[in-house]
Amino acid sequence: MDTTQLRNRFRDRFGSQGQLYWSPGRINIIGEHTDYNGGFVFPGAVDKGIAAEISANGSRQVRLLALDQAECPFVEFSLDDKEKPQQHWACYIFGVCMEMMKRGVSIGGFNAAFTGDVPLGAGMSSSAALESVFAFAINDMFASGGIDKFELAKVGQATEHNYCGVKCGIMDQFASVFGKKGNLIRLDCRSLEYEYFPFDPKGYRLVLLNSCVKHSLGNEYNERRESCERAVERMAQRWPGIETLRDCTYPMLEAVRPELSDTDYRRAKYVLDEKERVLAVCGALEKGDYETVGKKMYETHWGLSRDYTVSCDELDFLVSIAQECGVTGSRVMGGGFGGCTINLVRETLYDRFISKATRDFARKFGIEPKVYQVVIGDGSSKLQ
Ligand code: GLA
C-alpha cells in the first residue's frame, strides 16, 4: 500500500513524522459462525488492510485523523475519558486503548492518522484491521511488545464486545494479527491451537465479489449467537459439561428440539453441519481435492442462507450464478447480511464467470459487483 499521502497528511496535521504500522483484513475459506461456538475456522490475511502512522505526544490526549472519513475526519479524546467518543469509527480506537490499559499497559497520549484499502462493510474485517493496527502499535510503542499476539487479538475482540456492541468471535482479529503470506490458518477457537496451511491451489483462483450491500454487524449478529447459546443451555441441562455447540452432537440436539423454537433449532443445526464441513474441508485440502472444498462451500452458503438466515437476495443471486457457471465453490463470507461472496474458480472458467456475474448482477440490481482477486498476505507489522 502506498503510504505517501498518509505521511504527508500526518506531517501537515501534527507537524512531525511518526512510526508506520499495518494490519490486514481477512478471508475465510470455511467455518462461518463457528468461532463463537468453540469450533474451527480457516481464515487467511489478505494484502488489503489499514495503515496507521503514530507518534507519542507526551500528553493524555489521543488525536486521530481518519483520512477516509469525509464527514468527521478528526477526533480527539482523553485517555481518562469515561465515555466513548460519539463517532463510531473512533470507538474502535478508544476501545483498544481502554482494553490495553485494562491489561496493565501504561499508555500515553498519541497522535495518529490512518487510511485503508480494505473495503468497509464488505465482510473482509475492516474493523478487525483497525483494532489490530492500533493494538499492535500501542504494544510496540508503550509496552515494548510485551503483550503477546493472542492477547492482542483478544484486545480487538473485547473492543467489539465492550465498545462497539458486536459479540463477535476471535477469528477476524486472530487472522489479522497472525496472518502469514501464502498460508491459511486452521484455528481451533476453543483451545486457540492453530496451524499454518500453505494454500496455492494450482489451476484455481480465489476471487471475492462484493455485492455492495453494506453490512454492519450488530443486533442481528448477536441474535444468532443468542440462539446458539439457548440451544447449548438446553443441552447442558441434560448433559452437564457442555459449554458450546462444539461439544454437542445431532442426537443431543434432536433430544432438546421440542424445547427450542424452530429458529433456534435451525441455527444450532447449521453450526453442527458446519462443524462437519470444516473437517471434510481440512481432509480435502490436505489431498489437494479442491472439488470437495468447493462443494462444501456451496453447502455452507445455503445453510447460511436458509437455516442461519444471514444472506440476502444479492448474495444468493451471486452464488446461484456461480453454480450455473460451474464454478467450483461459492458462498457468502464473514458475518453475512451483505458484503462479499468468496469464489473458488477454475482458471479456465474465470473470465466467463466474472463477465456473466457482473453483467447479470448489474441487470438485476442496477450496480456492478466489485471484484477482488485474493492474495494471501502477512499479519500485523511495523513498516519501515
Ligand atoms: C464476523 C465476526 C467473526 C465471525 C464471522 C462469522 O466476521 O467478527 O467473529 O463470527 O462474522 O464467521
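Order of appearance sets the numbers: ligands from 1, and atoms from 1 within every ligand.
Sorted by first and then second residue, the pairs that involve residues 243-276 and meet ring pair (Phe, Tyr, Trp, His ring centres under 6.0 Å), not counting sequence neighbours, are Tyr270-Tyr308.
For the residue pair Gln323/Trp302, the side-chain donor-acceptor check at 3.5 Å is satisfied.
More than 12 heavy atoms of other residues, nucleotides or ligands sit less than 6.0 Å from atom NZ of Lys102.
Ligand 1 is surrounded by Arg26, Glu32, His33, Asp35, Tyr36, Cys168, Gly169, Met171, Asp172, Leu217, Tyr221, Gly334, Gly335, each with at least one heavy atom closer than 4.0 Å.
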Show, in sequence, the C-alpha distance, side-chain angles and deciding distance for Arg230 and Glu223, and conclude whether the salt bridge (charged side-chain N to carboxylate O under 4.0 Å, His left out) test is met.
CA-CA 10 Å; Arg230 276 193 293 271; Glu223 279 166 17; over 6 Å; no

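Rounded to the nearest 0.5 angstrom, Phe361 CZ and Ser211 OG are separated by 5.5 Å. Here NZ of Lys84 is found 11.0 Å from OG1 of Thr159. Values are rounded to the nearest 0.5 Å.
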